[in-house]
Amino acid sequence: MAADPEMDAETRRQMDLVATPPGGEWSGRARYAAAMYFYQRGEMPAEVLEVYRISSRLDAEDAVDVLRLWQIGTDWIARIEAWRAAHST
């Protein structure tokens, strides 16, 4: 998979983590930790981070699905969906 030239290696790694599919053990916590990275960089609104926080203990719950349900974070949803589409195997 070609690296995104606009992202440094750490940001790419965090995107991989925040886009981790649900179901794996500790995956919710990994997604939340990565979400905090983007929040601290000013790339994620607080309300979106809060969904990742609430979902962090629910490994089988995809925060993106919750965001869609609550109709918040449309820009973030689009970003994650584009990342997943470009980096799926």
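The model shown is predicted, which means the values in this text are computed figures rather than measured ones. What you see below is based on every heavy atom in this structure, not just the backbone, and it leaves out hydrogens, waters and symmetry mates.
Shown here for Thr20 and Arg31, the closest heavy-atom pair between the two residues is O-NH1, 3.1 Å. In terms of heavy-atom proximity, Ile77 sits nearest to Ile72 at CD1-O, 3.6 Å. Residues Met44 and Tyr39 approach most closely at O-CD1, 3.2 Å, considering heavy atoms. Minimum interatomic distance between Gly28 and Asp59 (heavy atoms only, all atoms of both residues): N-OD1, 3.0 Å. When all heavy atoms of Trp83 and Arg12 are compared, the closest pair comes out as CZ2-O, 3.7 Å. When all heavy atoms of Ala60 and Pro22 are compared, the closest pair comes out as O-CB, 3.5 Å.
By the criterion of side-chain heavy atoms lying less than 4.5 angstrom apart, applied directly or through intervening Ile, Leu, Val, Met, Phe, Trp or Tyr residues, Tyr37 is grouped together with Met7 in one hydrophobic cluster. Hydrophobic clustering keeps Tyr32 apart from Leu17 (ILVMFWY residues linked when any side-chain heavy atoms are closer than 4.5 Å, directly or through intermediates).
Rounded to the nearest 0.5 Å, atoms OG1 (Thr11) and CD (Glu43) are 6.5 Å apart. Between the CE atom of Met15 and the NE2 atom of His87 there is a distance of 8.0 Å, given to the nearest 0.5 Å. Here the straight-line distance linking atom CD of Gln14 with atom CD of Gln40 works out to 10.0 Å at 0.5 Å rounding. The distance from the CD1 atom of Ile54 to the CD atom of Glu61 is 10.5 Å, given to the nearest 0.5 Å.
Using a 4.0 Å cut-off between charged nitrogen and carboxylate oxygen, Asp62 and Arg68 do not count as a salt-bridge pair. A salt bridge links Glu10 and Arg13; the closest N-O separation between the charged side-chain nitrogens and carboxylate oxygens is under 4.0 Å.
When side chains are defined from C-beta on, Leu49 does not count as touching Arg53, because their heavy atoms never get closer than 4.5 Å. Proximity of Leu67 to Tyr52: side-chain heavy atoms (C-beta onward) are separated by under 4.5 Å at one or more points.
Note: Trp76 and Phe38 have tilted aromatic rings, judged against thresholds of 30 and 60 degrees for the angle between ring planes.
Using modelled atom types, one side-chain atom of Ser55 and one backbone atom of Val51 make a donor-acceptor pair closer than 3.5 Å.
In this structure, Arg29 satisfies the cation-pi test against Trp26, with its NZ or CZ atom closer than 6.0 Å to the six-membered ring centre and inside 45 degrees of the ring normal.
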